[in-house]
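Notes to accompany the following structure.
For the single chain, residues carry numbers from 1 onward in sequence order.
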Amino acid sequence: MSKAGHQQVNPTRRRVLGTLGLAAAAAGMPGLAGATVVTRTEGDKDKLALWYDKPARQWVEALPVGNGRLGAMVYGRPLQERLQLNEDTLWAGGPYRFDNPGFKAALPRVRALIDEGKFIEARDLVAKEMIAQPATQMPYGAAGDLLFDFHGVDGAQGFRRTLDLDSAIATTRFASGAVRHVREVFSSAPDQVIVLHLQATGGTLDFDVGYRHPREVKYGDGTFDVTKARHDVPAGAPWDVSEDLAEAQRPASLSIRADGPRALLVEGRNADHAGVKGALRYAVRVMALGDGKVDVDGDRLRVRGAREVTLLIGAATSFVSPRDIDGDPVKAVRERVDAAARKPYARLRADHVQAHRALFGRLSLRLGRADAGTAPTDARIAAVPQTDDASLATLAALYLQYGRYLLISSSRPGSQPANLQGIWNEGINPPWGSKYTININTEMNYWPAEAANLAPCVEPLVKMVEELAVTGAAVARESWGARGWVAHHNTDLWRAAAPIDGPNWGMWPCGGAWLCKTLWDHYEYNPDDAYLARIYPALKGAAMFFVDVLVEDPKGRGLVTSPSLSPENPHHPDVAVCAGPAMDRQIVRDLFAWTLAAHEKLRDPDADFRKAVEAKRARLAPDRIGAQGQLQEWLDDWDAQAPDQHHRHVSHLYAVYPSEQINVRDTPDLIAAAKVSLNTRGDMSTGWATAWRLALWARMGDGEHAYSILRGLLAPERTYPNMFDAHPPFQIDGNFGGAAGILEMLVQSWGGEIRILPALPRAWPEGGVHGVRARGGIEVDLDWVGGRATRVALRGKPGQAAKVRIGERLVTVKLDASGRARVALT
């Protein structure tokens, strides 16, 4: 058979279960009741911090804290501290629908044009009749700034600011004359407030607190270069520069007033956008407790003569759900701040640290024997191109743990999912709206969640998919004429599901289906029948949509989606609309397999549905190898003529990672083709796209190639001084994708196997990772020396069996009565 006609044989149903790693789930094997907290040494803790010897001059130097719902960027400025605030439901607009009423009538005409090869005409008809009107969604906004103006601070000797990942506390230390200042900031999950604790030893604290309304941020020349934002402190400015509270014009709806003798209350409304009026009310409350005099002077909170002060900051909106906006934000912030005020600072701090470590402490990583480095973090990032392997190893370990920290801080049960910037956003006009881009970016946010032992952080995404299935059902019915539900390439707080932006970006119907992979991964890593029953309606609805909308390829190559595109890549100049791109076929093949497995496990009596899914899955157009030996991105062999040979998206490689349809064990010919495609694309791209390439090479077992890409990801072109990922500008998905890629180099879990050191580079000859989660609900502890495993220990359900591959050797290990086992290494 020629390469152009190479086809992947559809696996049998039994092999589907094995390939998806469902052996444990099919046998009714539950997951662990709870993950093990890894014991850390003091030396480990020393390596778990970002630190700097100067204050932040710009947003990408400030340090993030968050509890999933409330976030703050901490600048660490001695004379005027700035806390830039975020609350995860403070988005623009209100409940809305922008569906194009011409969609359903245009659908058969667009399909016919695509079948005839009239792609420009199809694109133009999609733009006119199928893209939302207007072609946008609502942006995520900031909650404003708190500016703390300190009096009597005269210099800053011995300055140091840190973000301790283990405790989730940002600390600023310096001396001003004989007075030693220590400031600690954290966002407490137990108490749902941001806490700023200030202490002056050898002197007193005198300061004022003011609120600045969120404003638009101007990003340089329009390329969204955050470093050029107009209100950042200029390079070379002195440390004691201050910002103006009045810089942003206050809207008439904004109110700032006293709320008791020690508190300031801010009330406002969210922004209008694209003709949708702001429907949310928000509130910020700041209370000061300490041993000095505290009062409110107009719109400022004033503290005088204190040695120790704790400020409690609450923020909330009236958002309850995408269709309920009648919450009471003032009541919420009063109750939360007042409750926190009844605790002493030591208790607030201890409760926060305990809740954070319950998640963060589940995994530890050591790469090499090098120390944590004596240079500040920004200097270490700047020096990456010249850094030796030993020093880079500790930076990579810090990067992984920073990714875990960011996920804990931006996605916890009860919060919204992590968006394009997690929860940290400076203005009301963030790049790309800081929305949920679900053709890669939102999914990438959760790539490390399971393996990095942060399963609880997935809950917000599960809830979002459940809500999106409701709005997506209306779009499926009224636009596509189909059952089930659909979401395209973006969504927002209001769970919009129609295609937006334009035909080359929005006309892609697989966003909801790809989100279902995160739900299914959560089940495979934490097998639980109750959870499976919860997500089954979403799986079934997503599968039902494709049962209804798949169409025959006119050339007889199987069932395909139409219209669609390969995100966001044109196959001819300025034309992306097509039928049956590889990614669609791969995602739908996975979705059908997950749904069939859940159907069987839960004994769904709907036999007609099962037969329909089985029949459709068997007839999906298979993956193909093109004339250049590449894995074809499209059903036709257009790859060599596509306008952008180095495009950031590598959508057709979904089957390699995060899926496992194409893998080194079962499909070597397709893996070879995937490598041709990936080499053509190149190693370096935008931040998140570079992270995807890292994960792909790791999954394919090439540790040296993966390491080379990781070095580029950590360099200053793709990592900001505060270790945020540079798209540019900041997008948090690169942090999460990079974290997932690092773990993928060390432990993999797919195809019913746990793979030990599958892509270990020579640069990491020794190390250890403890607490990695694997499919089936197993935790792995691993140590290695000289590039070879010296200890592999498993934890899971008593009596559970696991297949472990170390090099070419595959062993079956059975856990003992305590749920533990050591893998024999000889």
Review point. Are Arg109 and Glu129 within salt-bridge range, i.e. N to O under 4.0 Å?
Key: no
Review point. Judged by atom type as modelled, is there a donor-acceptor pair below 3.5 Å linking the side chain of Asn445 to the main-chain atoms of Ala418?
Key: yes
Point to revise | Ala621 backbone acceptor or donor facing Arg589 side chain under 3.5 Å | key: yes
Practice item. List for me each residue that meets side-chain contact (heavy atoms from CB on, under 4.5 Å) alongside Ala142, sequence neighbours excluded, and say none if there are none. Key: Gln84, Asn86, Pro214
Exercise for review: Indicate yes or no for a side-chain donor-acceptor contact from Ser255 to the backbone of Gly268 under 3.5 Å, with no hydrogens or angles considered.
Suggested key: no
Review point. Closest heavy-atom contact between Gly327 and Pro329?
Key: O-CD, 3.4 Å
Point to revise | ring pair (Phe, Tyr, Trp, His ring centres under 6.0 Å) against Phe736, all qualifying residues, sequence neighbours excluded | key: none
Check your understanding: Under 3.5 Å, is there a donor-acceptor pair between the Gln645 and Arg681 side chains?
Key -> no
Check your understanding: Should Ile428 and His273 be marked as a side chain to side chain contact (heavy atoms under 4.5 Å, CB included) after you check the CA-CA gap, both sets of side-chain angles, and the distance that decides it?
Key -> CA-CA 10 Å; Ile428 60 174; His273 186 73; over 6 Å; no
Review point. Backbone N or O of His652 within a donor-acceptor pair of the Gln586 side chain at under 3.5 Å?
Key: yes
Pair up each side-chain donor or acceptor in residues 538-553 with any protein partner under 3.5 Å, not counting sequence neighbours, and list the distances.
unit_1: Lys540; atom_1: NZ; unit_2: Asp604; atom_2: OD2; d: 3.0
unit_1: Lys540; atom_1: NZ; unit_2: Asp606; atom_2: OD2; d: 3.2
unit_1: Asp548; atom_1: OD1; unit_2: Arg483; atom_2: NE; d: 3.3
unit_1: Asp548; atom_1: OD1; unit_2: Arg483; atom_2: NH2; d: 2.8
unit_1: Asp548; atom_1: OD2; unit_2: Arg483; atom_2: N; d: 2.9
unit_1: Asp548; atom_1: OD2; unit_2: Arg483; atom_2: NE; d: 2.9
unit_1: Glu552; atom_1: OE1; unit_2: Arg619; atom_2: NH2; d: 2.9
unit_1: Glu552; atom_1: OE2; unit_2: Arg619; atom_2: NH1; d: 2.9
unit_1: Glu552; atom_1: OE2; unit_2: Arg619; atom_2: NH2; d: 2.4
unit_1: Asp553; atom_1: OD1; unit_2: Arg557; atom_2: NH2; d: 3.2
unit_1: Asp553; atom_1: OD2; unit_2: Lys555; atom_2: N; d: 3.2
unit_1: Asp553; atom_1: OD2; unit_2: Gly556; atom_2: N; d: 3.3
unit_1: Asp553; atom_1: OD2; unit_2: Arg557; atom_2: N; d: 3.0
unit_1: Asp553; atom_1: OD2; unit_2: Arg557; atom_2: NE; d: 2.8

Exercise for review: Assess whether atom NZ of Lys104 is packed by more than 12 heavy atoms of other residues, nucleotides or ligands within 6.0 Å.
Suggested key: yes
Check your understanding: Which residues pass the side chain to side chain donor-acceptor pair (under 3.5 Å) test with Thr437, sequence neighbours left out?
Key -> Asn490
Practice item. Check the pair Ile408 / Cys457 against side chain to side chain contact (heavy atoms under 4.5 Å, CB included), numbers first and verdict last. Key: CA-CA 6 Å; Ile408 295 168; Cys457 296; 4.2 Å; yes
Check your understanding: Listed by chain and number, what are the salt bridge (charged side-chain N to carboxylate O under 4.0 Å, His left out) partners of Asp272, not counting sequence neighbours?
Key -> Lys277
**Study point:** Side-chain heavy-atom pair Leu265, Glu267 within 4.5 angstrom cut-off
**Key:** yes
Point to revise | Carboxylate-amine/guanidinium contact Glu426 Arg82, below 4.0 Å | key: yes
Check your understanding: Is the backbone N or O of Pro567 less than 3.5 Å from a side-chain atom of Asn439, with the two atoms forming a donor-acceptor pair by type?
Key -> no
Practice item. May I ask you to decide if Ala476's main-chain N or O and Ser479's side chain share a donor-acceptor pair within less than 3.5 Å? Key: no
Point to revise | Check: Trp688 side chain, Ser685 main-chain N or O, donor-acceptor pair, under 3.5 Å | key: no
Study note, to complete from the structure: So CD1 of Ile325 and CZ of Arg281: to nearest 0.5 Å the spacing works out to 9.0 Å
**Study point:** His522: ring pair (Phe, Tyr, Trp, His ring centres under 6.0 Å) partners, not counting sequence neighbours
**Key:** Tyr531
**Study point:** Qualifying side-chain hydrogen bond (donor to acceptor under 3.5 Å, both in side chains) pairs with a residue from residues 495-519, counting only residues at least two apart or across chains
**Key:** Gln416-Arg495, Glu467-Arg495, His489-Asp501, Asn504-Asp574, Trp508-Asp584, Lys517-Asp521
Review point. Between the side chain of Ser564 and the main-chain N/O of Thr561, is any donor-acceptor distance below 3.5 Å?
Key: no
Exercise for review: Measure from the side-chain N and O atoms of Asn100 to the backbone N and O of Ile131, and report whether any donor-acceptor pair falls under 3.5 Å.
Suggested key: yes
**Study point:** Pair Gln632-Asp639, side-chain donor/acceptor within less than 3.5 Å
**Key:** no
Exercise for review: Determine the minimum heavy-atom distance between Ser677 and Leu653, stating which atoms define it.
Suggested key: CB-CD2, 4.4 Å
Review point. Is the distance between the ring centroids of Trp634 and Phe119 less than 6.0 Å?
Key: no
Review point. Salt bridge between Glu459 and Arg412, side-chain N to carboxylate O under 4.0 Å?
Key: no
Check your understanding: What's the verdict on side chain to side chain contact (heavy atoms under 4.5 Å, CB included) for Thr719 and Asp725, showing C-alpha distance, side-chain angles and the deciding distance?
Key -> CA-CA 5 Å; Thr719 296; Asp725 169 70; 5.7 Å; no
Check your understanding: Between Asn441 and Tyr436, is a side-chain hydrogen bond (donor to acceptor under 3.5 Å, both in side chains) present by the stated rule, with each step listed?
Key -> CA-CA 7 Å; Asn441 310 99; Tyr436 300 104; over 6 Å; no
Practice item. Any chance you could lay out the side-chain hydrogen bond (donor to acceptor under 3.5 Å, both in side chains) test for Asp145 and Tyr75, step after step, and finish with the verdict? Key: CA-CA 11 Å; Asp145 298 310; Tyr75 281 66; over 6 Å; no
Practice item. Measure from the side-chain N and O atoms of Arg648 to the backbone N and O of Thr690, and report whether any donor-acceptor pair falls under 3.5 Å. Key: no
Exercise for review: Provide the closest heavy-atom pair for Arg693 versus Gly682 in the form atom of the first, atom of the second, distance.
Suggested key: NE-O, 2.8 Å
**Study point:** Option passing ring pair (Phe, Tyr, Trp, His ring centres under 6.0 Å) with Trp494 (candidates Phe319, Trp91, Phe98)
**Key:** Phe319
Check your understanding: Under 6.0 Å between ring centres, would you say that holds for Trp432 and His727?
Key -> yes
Exercise for review: Report the residues that fulfil side chain to side chain donor-acceptor pair (under 3.5 Å) with His572, sequence neighbours left out, ordered by chain and then residue number.
Suggested key: Gln641
Point to revise | Closest non-hydrogen atom pair, Ser562 against Leu107 | key: O-CD1, 4.2 Å
Exercise for review: Could you pull out the closest heavy-atom pair between Leu713 and Arg718, with the gap in Å?
Suggested key: O-CB, 3.6 Å
Review point. Which heavy atom of Ser415 sits nearest a heavy atom of Ser410, and at what distance?
Key: OG-O, 4.2 Å
Review point. Among all residues two or more places apart in sequence or in another chain, which pass the side chain to side chain donor-acceptor pair (under 3.5 Å) test with Ser411?
Key: Tyr446
Practice item. Dump the intermediate steps for side chain to side chain contact (heavy atoms under 4.5 Å, CB included) on Leu280 and Arg269, then the final yes or no. Key: CA-CA 6 Å; Leu280 294 176; Arg269 301 198 70 89; over 6 Å; no
Check your understanding: Who passes ring pair (Phe, Tyr, Trp, His ring centres under 6.0 Å) against Tyr657, sequence neighbours left out?
Key -> Trp447
Practice item. Verify whether the ring centers belonging to Trp59 and Phe724 lie closer than 6.0 Å. Key: yes
Exercise for review: Taking salt bridge (charged side-chain N to carboxylate O under 4.0 Å, His left out) as the test, write out the residues that go with Arg477, two or more places apart.
Suggested key: none
Practice item. With sequence neighbours excluded, tell me which residues meet side chain to side chain donor-acceptor pair (under 3.5 Å) with Gln731. Key: Asp733
